[in-house]
There are 2 protein chains.
Amino acid sequence: MPDPITRKPTIIDVASLAGVSIKTVSRVINNERHVSVDMRTRVRQAVTELGFEANESARGMRSLAPEKSYVVAHLYGDAGGLYTHDIQLGLMERCRYFGYHLVVEELDYQSPDVERRAKDLVKRLKLDGAVLTAPLTDNEIVLSVLDEAGVPYVRVSPVTEVPHLPSVRIDEKRAAYQMTQHLLTYGHKRIAFIRGLPNHAATIYRFEGYAQALKEAGLEVDLGLVEDGEFRYFATIPCARRLLERDEPPTAIFACNDEMAVAVIKVAHEMGLTLPDDCSIVGFDDIPTSEMLWPSLTTVRQPVPRLGAMAGDLLFTRLSPLGTSEWPTPVPHQVLPHDIVLRGSTAPLRQP
Amino acid sequence: MPDPITRKPTIIDVASLAGVSIKTVSRVINNERHVSVDMRTRVRQAVTELGFEANESARGMRSLAPEKSYVVAHLYGDAGGLYTHDIQLGLMERCRYFGYHLVVEELDYQSPDVERRAKDLVKRLKLDGAVLTAPLTDNEIVLSVLDEAGVPYVRVSPVTEVPHLPSVRIDEKRAAYQMTQHLLTYGHKRIAFIRGLPNHAATIYRFEGYAQALKEAGLEVDLGLVEDGEFRYFATIPCARRLLERDEPPTAIFACNDEMAVAVIKVAHEMGLTLPDDCSIVGFDDIPTSEMLWPSLTTVRQPVPRLGAMAGDLLFTRLSPLGTSEWPTPVPHQVLPHDIVLRGSTAPLRQP
DNA sequence: CTGAAAGCGCTTACAG
DNA sequence: CTGAAAGCGCTTACAG
């Protein structure tokens, strides 16, 4: 017989110390009803005295209700960027509040690896839930892995809204429409647009808003003024150069995220242009850098950490003990407000 | 008897289908030796035919060797910042390579909460390992929780090196020394220094390098030229203003991270100073913004993602099947190389 | 190389 | 309100 001091105490040790059956111990540690106060006290005391901790494996073997893992995942598809980090910041804050832990997983949506990795994640960690950001929000493989495993998830800014899948986003199209109107109001007519990666709501709807504003102003989208910057600084440098070196350069440039707008400002500086007089430049997101620049950047403020926090709130409300393990009806589709932040990088069109 | 189609298949189902004992099935699925090829094939076939998956709870109940979780954590103490994100970027890449998942946890080291949260994390997720960044690297509570749970960890840029605890860092002091020398070579003598948060190696050793370079040049540290910017942009704005509005303003400012240097540049612009002629400004880290600025920032390039990746490599090498569950001897203390990146924000001292 | 039996630490289902 | 017994799906230790 092993030394009782070295062995981890079991429910049997607790029962014999408290002088009750193991079933009673089980009832107490699981907070079941129908236990007398006396029993409860004696068991509680024995538990603390022995430092007893229930063996989760043994529990998991018999329990019908699978034990909650208290782990949720943020699944994202694009390596870097402040966007990802800010979503995590907001989500993390809610995780802490609700007592969950956050696992972050970058899934390469173009690789055959996705399915294996997603499945491994779900199985190994027994995920209680997930938050998806672009472009995984619309990735059929990832969604079906989660669906099959019964893992509830919230999509942040999906391309396609699906009625029964909760989502959180801003009104991308309207924001881009308003920003374009701001430029039009300043008298600009030759307004270039720099797109991000395809398959992102941020690219698709922002471009739509831009196009609609032009159209309503009686202007046409000039595809010669549309470039693809992949959301990234370095990819945007040549785009900005092409635009600004045209015979008739645009008088305003709308980059559909701030990182790309920063690249445009840099190129303009290098070319010796005076900002914002020679060219108005606007971005989208309001990353911290935008305010730090000179001139500081006119942009759309998207409450990114709040998007993450809101996604967490939806998830944790459903996962709470009171939750019905169903999404509420109607399924939530939150649209958070954005702001048009006017700063130093835009100015009225200079008269020729 | 339940419908065999709805029930998850067990080792018994596999055994009876394959016509062997459950023990043989156990041997095959655990890749033990001493099983004939014939048996092995029959069992394998039955496993795939039934879609059998071992029940981890049942396994965990008997197994002596605790099952690996394939989860490691990045524990950090300060909310935001690109540094944290870049560490994760590098670490994540190694996680993927070695087949691990990454949980990120922000622990408020000033709250009594830390211990409870750290313990919950270790227990719930059965962490296989952890990577710590400042200021948790030197937090006794967190370290002891990990030690007691037997979770191996790697510290990134700890304040105090401990021989038996692996670490990864750059030579902060030498880098700051070199950067200060760069300013001295340009003829600067009134060089201000902006510190970050206390308890960070980044604050302590960078200041030491600065002080040593001054001393060797026969100069003294003027505490009137030392400010505390908490590593953050907004906290640094008033510091920069105080410095630049002095009767005898510094001719150069060394901010001990880039975010603070960016704030200095912003304030200088707002005051109408010409950069770098009126004031040379340097930072530390080489965040992406530094290159995007105008003028772009002279700084120390710290390979942050590589620090994260290296921490991961140390951890995963120890966790690998071949690992001895001990750190190698001698315990690794990696010092990665840094670069002094000269850009547009520094210039020789203008002769009065 | 293979198998029959015991038992891990709990929860379930049933009886009182 | 309490308990005695069975059994979850595996691995361990032992026997052949």
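All of these numbers come straight from a predicted model, not from anything done at the bench. The sequence lines fix the lettering, A, B, ..., with proteins before strands; numbering per chain opens at 1.
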Separation of [N] [atom2] from [X] [atom1] (nearest whole Å):
{"X": "K23(B)", "N": "dC14(D)", "atom1": "NZ", "atom2": "C1'", "value": "11 Å"}
{"X": "R27(B)", "N": "dC1(C)", "atom1": "CZ", "atom2": "P", "value": "11 Å"}
{"X": "I29(A)", "N": "dT12(C)", "atom1": "CD1", "atom2": "P", "value": "11 Å"}
{"X": "E53(B)", "N": "dC10(D)", "atom1": "CD", "atom2": "C1'", "value": "15 Å"}
{"X": "D13(B)", "N": "dC10(D)", "atom1": "CG", "atom2": "C1'", "value": "13 Å"}

Does a donor on one side chain sit under 3.5 Å from an acceptor on the other, for [X] and [Y]?
{"X": "D147(B)", "Y": "Y153(B)", "answer": "yes"}
{"X": "S167(A)", "Y": "Q334(A)", "answer": "no"}
{"X": "H74(B)", "Y": "E105(B)", "answer": "no"}

inquiry  = Could you check whether atom NZ of K119(B) has more than 12 heavy atoms from other residues, nucleotides or ligands sitting under 6.0 Å from it?
reply    = no

message = I'd like to know whether CZ of R94(A) has more than 12 heavy-atom contacts from other residues, nucleotides or ligands below 6.0 angstrom.
response = yes

ask   = Mind checking what makes ring-ring contact (aromatic ring centres under 6.0 Å, His included) contact with F52(B), not counting sequence neighbours?
value = none

Partner set under ring-ring contact (aromatic ring centres under 6.0 Å, His included) for H101(B), not counting sequence neighbours = none

ask   = Listed by chain and number, what are the side chain to side chain contact (heavy atoms under 4.5 Å, CB included) partners of S36(B), not counting sequence neighbours?
value = D38(B), M39(B)

ask   = How would you list, by chain and number, every residue that makes a side chain to side chain contact (heavy atoms under 4.5 Å, CB included) with L50(B), sequence neighbours excluded?
value = P9(B), D13(B), V14(B), L17(B)

query = Does a side-chain N or O from S36(B) land closer than 4.0 Å to OP1 or OP2 of dT2(C), or not?
reply = yes

inquiry  = With a 4.0 Å cutoff (strictly under), does any side-chain N or O of S21(A) reach OP1 or OP2 of dT2(D)?
reply    = no

ask   = Between S26(A) and D38(B), which is nearer to the 5' end of DNA chain C once each is assigned its nearest nucleotide?
value = D38(B)

ask   = Using Watson-Crick and G-U wobble pairs whose two distances are both under 3.5 Å, how do you write the pairing of DNA chain C as dot-bracket, with | for links to another strand?
value = |||.||||||||.|||

ask   = Of the candidate nucleotides dG3(D), dT2(D), dG3(C), which contains the atom at the shortest distance from the side chain of V20(A)?
value = dG3(D)

Using atom names, set out every protein N or O paired with an N or O of nucleotides 6-9 of chain C below 3.5 Å, distance rounded to 0.1 Å.
{"unit_1": "dG7(C)", "atom_1": "N2", "unit_2": "R62(B)", "atom_2": "NE", "d": "3.2"}
{"unit_1": "dC8(C)", "atom_1": "O4'", "unit_2": "R62(B)", "atom_2": "NH1", "d": "2.5"}

